[in-house]
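Notes for the one structure printed next.
Quick note on labels: first sequence line is chain A, next is B, and so on, each numbered from 1.
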Protein chains: 4
Amino acid sequence: MQSSTGRPPATRTGRPRSAAADTAILAATREALVELGWSGLTLGDVASRAGVAKTTLYRRWAGKNELVVDAVAELFDALELPDRGSLAADIEDVVLQLAVLLSRPEARCGLMAVVAESTLDEALRERIRTSIVQRQKRLVHTGRVRAQRRGELPPDPDPAEAARTVDLTFDMVAGAVLHRTLVSGRPADEEWVHDLTRVLLTGLTTPGPTP
Amino acid sequence: MQSSTGRPPATRTGRPRSAAADTAILAATREALVELGWSGLTLGDVASRAGVAKTTLYRRWAGKNELVVDAVAELFDALELPDRGSLAADIEDVVLQLAVLLSRPEARCGLMAVVAESTLDEALRERIRTSIVQRQKRLVHTGRVRAQRRGELPPDPDPAEAARTVDLTFDMVAGAVLHRTLVSGRPADEEWVHDLTRVLLTGLTTPGPTP
Amino acid sequence: MQSSTGRPPATRTGRPRSAAADTAILAATREALVELGWSGLTLGDVASRAGVAKTTLYRRWAGKNELVVDAVAELFDALELPDRGSLAADIEDVVLQLAVLLSRPEARCGLMAVVAESTLDEALRERIRTSIVQRQKRLVHTGRVRAQRRGELPPDPDPAEAARTVDLTFDMVAGAVLHRTLVSGRPADEEWVHDLTRVLLTGLTTPGPTP
Amino acid sequence: MQSSTGRPPATRTGRPRSAAADTAILAATREALVELGWSGLTLGDVASRAGVAKTTLYRRWAGKNELVVDAVAELFDALELPDRGSLAADIEDVVLQLAVLLSRPEARCGLMAVVAESTLDEALRERIRTSIVQRQKRLVHTGRVRAQRRGELPPDPDPAEAARTVDLTFDMVAGAVLHRTLVSGRPADEEWVHDLTRVLLTGLTTPGPTP
DNA sequence: CCATAATCGAGACGGTACGTCGCGTCTTTGG
DNA sequence: CCAAAGACGCGACGTACCGTCTCGATTATGG
């Protein structure tokens with residue numbers, strides 16, 4: 001749970017916080033996002049959906065932004081990278097998963113809205129990075145390691161170079177899906193995923209003139 | 001100006017709308033976006049910045065969403081594709097322009113916010129498509145035609161195939177820059193742009209197994 | 001209306017304030033005081049009783065205290081001093097009127113509550129003085145002048161002495177009724193009013209040793 | 001665990017209530033009344049001033065009203081009637097004591113506020129009567145007996161008549177001081193006390209036409 | 001040269017959500 | 001069993017914007 005801010009003192013006195021409340025609140029947040037969207041989402045409404053008082057909500061999160069980041073982060077944590085046998089298949093699989101995820105309104109509008117808010121809020125930007133972006137780079141990393149074991153990719157020349165490639169790959173995959181589904185507003189169907197995978201694979205496996 | 005809603009009757013009586021107001025309002029909107037972000041942006045504040053009454057604003061736009069789409073669309077219209085002599089240089093150039101544009105807060109938060117709102121608002125989604133996305137595909141189109149003239153790209157086999165490639169290219173370029181700068185929150189510097197261009201170029205120019 | 005704060009500028013622009021709202025709000029305030037008492041009185045409730053938005057209420061009054069002072073002051077303005085033919089009859093009459101007024105819950109709890117609040121709020125104390133206390137001293141003044149015309153009281157020796165007597169009389173009359181009905185919690189019935197009037201009249205008309 | 005034994009025994013088991021807590025709470029209540037007034041007084045604040053948990057406070061009093069009645073009643077119990085040698089001097093003395101008491105903010109606002117609340121709460125009204133009003137009538141009674149011994153007042157004709165006179169006297173004395181200091185908001189200085197005493201004394205000692 | 005009509009600024013209006021605060025209750029740990 | 005601590009559901013607070021409305025004052029065209 002990302003809502004815990006610091007180290008609680010070893011001996012805690014007083015009534016402890018309800019663990020069930022956190023779960024209920026995050027679920028209610030996603031539910032409200034689906035029905036009302038970002039601007040229609042009301043903390044009072046979330047509270048009553050979760051069967052919780054507004055104050056309980058404010059005791060745990062600083063505001064709408066932080067709450068939605070946590071609610072959306074849980075969605076992204078559900079992404080997986082099963083071994084499909086080849087790098088191409090693995091890429092297609094994760095791209096499709098991402099496309100499915102971004103077709104869900106709570107993911108779409110939750111993510112875009114907090115990203116929009118983060119443009120003037122460095123703390124929020126950092127929270128998004130650690131709660132969502134960094135956690136999902138594990139998918140790219142896993143895929144690369146697997147492909148290297150299979151011999152589809154050469155071993156990493158050096159760690160810095162590898163990190164750059166992971167970052168670039170992640171931005172290209174996630175960015176393409178995101179732009180396709182949200183900005184262009186067209187479906188990331190199988191044909192499109194296939195085309196994207198082909199371009200990506202070719203571009204990433206063909207050795208470039210980068211010295 | 002996209003603010004005109006329907007066909008005004010040929011003969012209009014009464015005092016005409018101030019032309020200067022539109023300009024002032026859109027500029028004030030961008031200014032407010034920079035300082036306050038999306039959620040902090042207030043139509044009353046925009047009105048007073050523009051030296052205009054709130055009623056004047058509501059006479060021309062239905063709400064915050066529509067206003068910001070128009071204000072942001074003007075920013076994207078400033079993108080250009082000068083002829084740098086090669087496809088690679090052209091791509092690098094436009095990617096950099098896009099990165100610079102998305103480093104401006106009014107573009108970042110304006111675009112992301114309306115995209116977020118559009119997830120539950122089909123009319124808004126359509127407005128974004130026509131006002132922003134479709135208009136900028138001209139850049140990709142121009143680049144392709146130029147590259148074909150230079151012999152860097154083969155001629156289009158058929159129009160449908162060409163359209164698919166334009167769409168894919170646009171989503172990959174714009175998506176990568178957008179994800180890098182806004183979601184990952186890292187700068188789209190020259191090195192990164194170079195890497196991206198190489199992967200894109202390789203992937204797009206190597207003939208694939210798509211018959 | 002005591003709600004006006006200062007001199008409005010000669011030329012008023014914008015929509016003028018609704019005159020009916022003031023009336024409705026003060027009436028709703030008294031109604032709510034009867035049903036809910038001071039601590040149960042809610043500005044939101046007053047607003048909805050008056051068919052008015054909460055903001056309208058806050059635009060005109062600074063808070064609960066000021067609102068209730070105005071609402072109660074209107075009640076006291078209804079007191080009159082009809083000529084009953086003798087000083088004793090006049091006193092009995094006004095004492096009875098006061099007793100009746102203070103038997104109304106809105107007057108009782110409204111007055112007591114704002115007096116209680118005024119103990120730590122000089123501005124409120126001043127507002128009570130000018131809106132309620134000073135305005136009702138007219139009753140004592142009228143009674144004295146009438147009695148002097150009838151020869152029941154000697155003419156005023158000097159203005160300062162007269163003012164002291166008016167103040168003392170007012171505090172004794174109003175204080176006795178107030179204490180009887182509110183603190184002692186017993187009815188100010190005719191017998192009690194008669195006794196009080198006799199003591200007052202004797203005490204005030206018998207020349208004392210104050211030179 | 002004592003439930004296994006059966007019934008609650010006459011002698012209470014478990015930790016006994018702290019006797020010091022009551023004193024500390026009432027003192028803290030008066031202190032808070034001085035600083036914050038009635039509406040600013042918070043039970044949570046009283047508890048923390050008294051170094052006591054909120055639960056402890058609620059175990060002993062039903063709410064704000066009852067607590068403040070008890071806190072204020074202790075103040076009034078400090079009033080005394082020393083023998084000054086004459087009825088006039090005794091009256092002046094007690095009037096001055098009362099004026100001093102009512103110049104203390106905790107007495108002023110505590111008393112007025114609970115009186116205001118009592119207008120819609122019969123139980124509270126009764127509590128005020130028994131805890132404050134009835135207890136202080138002893139002062140009037142003592143003064144009358146002393147004056148009768150001195151021959152300044154005739155012996156009581158009958159007990160009912162005497163009770164009426166005691167009530168009237170108390171309402172007039174307390175009411176005048178209360179109205180002067182709290183409603184009129186002017187000081188009950190020596191000159192005013194002297195005037196009041198003269199009128200009262202004359203009115204009460206001159207035999208009236210009451211058969 | 002006015003009459004009509006739509007615009008302009010200003011600002012009050014009925015609403016809704018905000019984020020905070022206090023209430024009185026409950027649920028812990030510890031005496 | 002009581003005490004302290006503090007989380008809980010609840011509801012009012014006073015504020016800020018929303019989008020609408022009513023003003024008086026402009027500024028065009030059309031009779």
Side-chain angles (χ1 to χ4, degrees), chain A residues 11-18 21 39-48 50-64, chain B residues 8-9 11-18 21 39-48 51-64, chain C residues 11-18 21 39-48 50-64, chain D residues 1-3 8-9 12-18 21 39-48 51-64:
Chain A
T11 58
R12 292 269 291 131
T13 173
R15 177 174 174 174
R17 289 193 175 169
S18 159
S39 67
L41 184 146
T42 280
L43 292 209
D45 180 63
V46 168
S48 75
V52 141
K54 220 174 18 157
T55 34
T56 297
L57 215 149
Y58 279 105
R59 243 175 244 123
R60 289 153 193 224
W61 285 276
K64 213 164 149 171
Chain B
T11 58
R12 297 268 288 137
T13 173
R15 177 173 173 175
R17 290 188 176 170
S18 158
S39 66
L41 184 146
T42 282
L43 293 207
D45 180 63
V46 169
S48 76
V52 143
K54 241 191 334 173
T55 20
T56 301
L57 211 150
Y58 278 105
R59 239 175 250 122
R60 292 158 151 94
W61 286 276
K64 210 164 152 173
Chain C
T11 57
R12 293 269 292 131
T13 172
R15 178 173 172 174
R17 290 193 175 168
S18 160
S39 67
L41 184 148
T42 280
L43 291 209
D45 180 63
V46 168
S48 75
V52 141
K54 217 172 21 153
T55 34
T56 298
L57 214 149
Y58 280 105
R59 244 175 245 123
R60 294 164 151 94
W61 285 276
K64 213 164 149 173
Chain D
M1 290 315 141
Q2 83 294 348
S3 56
R12 309 257 297 162
T13 171
R15 176 169 171 176
R17 288 190 178 172
S18 159
S39 67
L41 183 146
T42 281
L43 293 206
D45 181 61
V46 168
S48 74
V52 142
K54 246 195 321 176
T55 7
T56 300
L57 210 150
Y58 278 106
R59 239 175 249 123
R60 292 159 154 90
W61 285 275
K64 211 163 150 172

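The distance from atom CG of Leu57(C) to atom P of dA12(F) is 15 Å, rounded to the nearest whole Å. Distance Leu43(C) CG to dG11(F) P: 18 Å, rounded to the nearest Å. Atom pair Asp45(D):CG and dG22(E):P shows a separation of 8 Å (rounding to whole Å applied). A straight line from OH of Tyr58(A) to P of dA7(F) spans 18 Å, rounded to a whole angstrom.
Comparing Arg59(C) and Thr55(D) by the nucleotide of DNA chain F that holds the closest heavy atom to each, the one mapping nearer the 5' end is Thr55(D). Each of Lys64(D) and Ala21(B) has a nearest nucleotide on DNA chain E; the 5'-most of these lies closest to Ala21(B). With DNA chain E read from its 5' end, the first of the two nearest nucleotides for Pro16(A) and Ser18(B) is the one closest to Ser18(B).
Each of dC13(E), dA4(F), dC23(E) was ranked by its minimum atom distance to the side chain of Arg60(C); first place goes to dC13(E).
For a distance-only test at 3.5 Å, the side chain of Arg15(C) qualifies as a donor-acceptor partner of the base of dC21(F). Side-chain to base pairing of Arg17(B) with dT7(E): no donor and acceptor N or O lie closer than 3.5 Å to each other. In terms of polar N and O atoms assigned as donor or acceptor, the side chain of Lys54(D) comes within less than 3.5 Å of the base of dG24(E) in a complementary pairing.
Looking at heavy-atom distances under 4.0 Å, Gly51(D) makes contact with sugar-phosphate atoms alone, never a base.
For Thr56(C) and dG14(E), the shortest distance from a side-chain N or O to OP1 or OP2 is below 4.0 Å.
In this structure, CG in Asp45(B) is found 11.5 Å from NZ in Lys54(B), a value given to the nearest 0.5 Å.
Here the shortest heavy-atom pairing between Ala21(B) and Val52(B) reads CB-CG2, 4.3 Å.
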